[in-house]
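One-based numbering, in listed order, for ligands and for the atoms of each. Along the sequence shown, the residues carry numbers beginning at 1.
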Amino acid sequence: MTDLYARAQFATAYIKSQTSTAPVLGIILGSGLGNFASQVENATAIPYADIPHFPQSTVAGHSGKLVIGTIAGIPVAVMQGRVHAYEGYAMPEVTFPTRVLGQLGCRSLIVTNAAGGINTSYTQGGLVALSDHINLTGTNAALGPNEPRFALVPGAAQRFFDMSAAYSRTLRELAQKEAAKQGIDLPEGVYLAVLGPSYETPAEIRAFRTLGADLVGMSTVHEVIIARHMGLQVLGLSLVTNMAAGVLDQAINHEEVMEFGLKAEARFTSLLLALIPQIDAA
Ligand code: ADE
């Protein structure tokens, strides 16, 4: 079965055979944020290994389960772990789960990640709402023949598609209002994606700052491109797990990324729990 659409349909049919919940909101949890999946009620947890054609993460901290159930009464599909291009996966594999979330019935997507802070006003452990991104990974997730059957709304899944409002203004405003209500600092920022797996050099970070980037990471943009190709509304949230190279006089390591995920968990969880019903109503 080589056709991407057929593979996505096949995976979707398998997932539907495991649960009667029809999710309307997809959530992709980044490094260190996976515990949020425990918030799902009436949960059916499906290991990625059981889902036909689903890629499997090779990174510590990405557990690899699709958890379907409800949060605040809203049917959700939560990806606990994602795969990255730096693991050696091709673009259609990296974004296959996003295609499947759309096929399952999701119309909005919350993408989250652990990112390095380039903007010096950010603090380690802080949350940032993405206003836009810069894709410097050197590739594009929508490469290859266009597949119009992926359209979830009229006019979507065109060969060339708009990215001028990749991160929904409506969802960003909801996030801002809710964060203010809860007393959570939530600046907005531009996420710049690199391929990885090496972290950046200080000279690269200086260059990225000049380009207008506030955050740097190795994920998210591909999923967002595919979500927009299909017509999903996207909210992007970054957790600043470390300051990018050269911002502080210290080396960057993956353990730190995981540690700050745990520290931010309470804020991240309460913000998302309150936002989910609002996103469904938006
Ligand atoms: N993820 C967390 N910190 C990062 C950094 N500095 N660069 C790329 N990805 C990251």
Taking only non-hydrogen atoms of Glu200 and a 4.0 Å limit, the atoms of ligand 1 in range are 5 (C), 6 (N), 7 (N), 8 (C)

Which segment of [X] sits under 4.0 Å of ligand 1 when only heavy atoms are counted:
| X | value |
| --- | --- |
| Ser31 | neither |
| Val216 | both |
| Asn242 | side chain |

Determine the sole option in Val234, Asn135, Val111 for which the side chain to side chain contact (heavy atoms under 4.5 Å, CB included) test with Thr220 is passed.
Val111

Indicate the ring-plane relationship of Phe96 and Phe54, choosing parallel, tilted or perpendicular according to the 30° and 60° boundaries.
perpendicular

Looking only at N/O atoms, are Gly116 and ligand 1 under 3.5 Å apart anywhere?
yes

OG1 on Thr21 to NZ on Lys16, rounded to 0.5 Å:
12.5 Å

All pairs passing ring-ring contact (aromatic ring centres under 6.0 Å, His included) where residues 207-240 contributes a residue, at least two apart
Phe161-His229

The criterion is salt bridge (Lys or Arg N to Asp or Glu O under 4.0 Å); which residues satisfy it with Glu147, sequence neighbours excluded?
Arg149

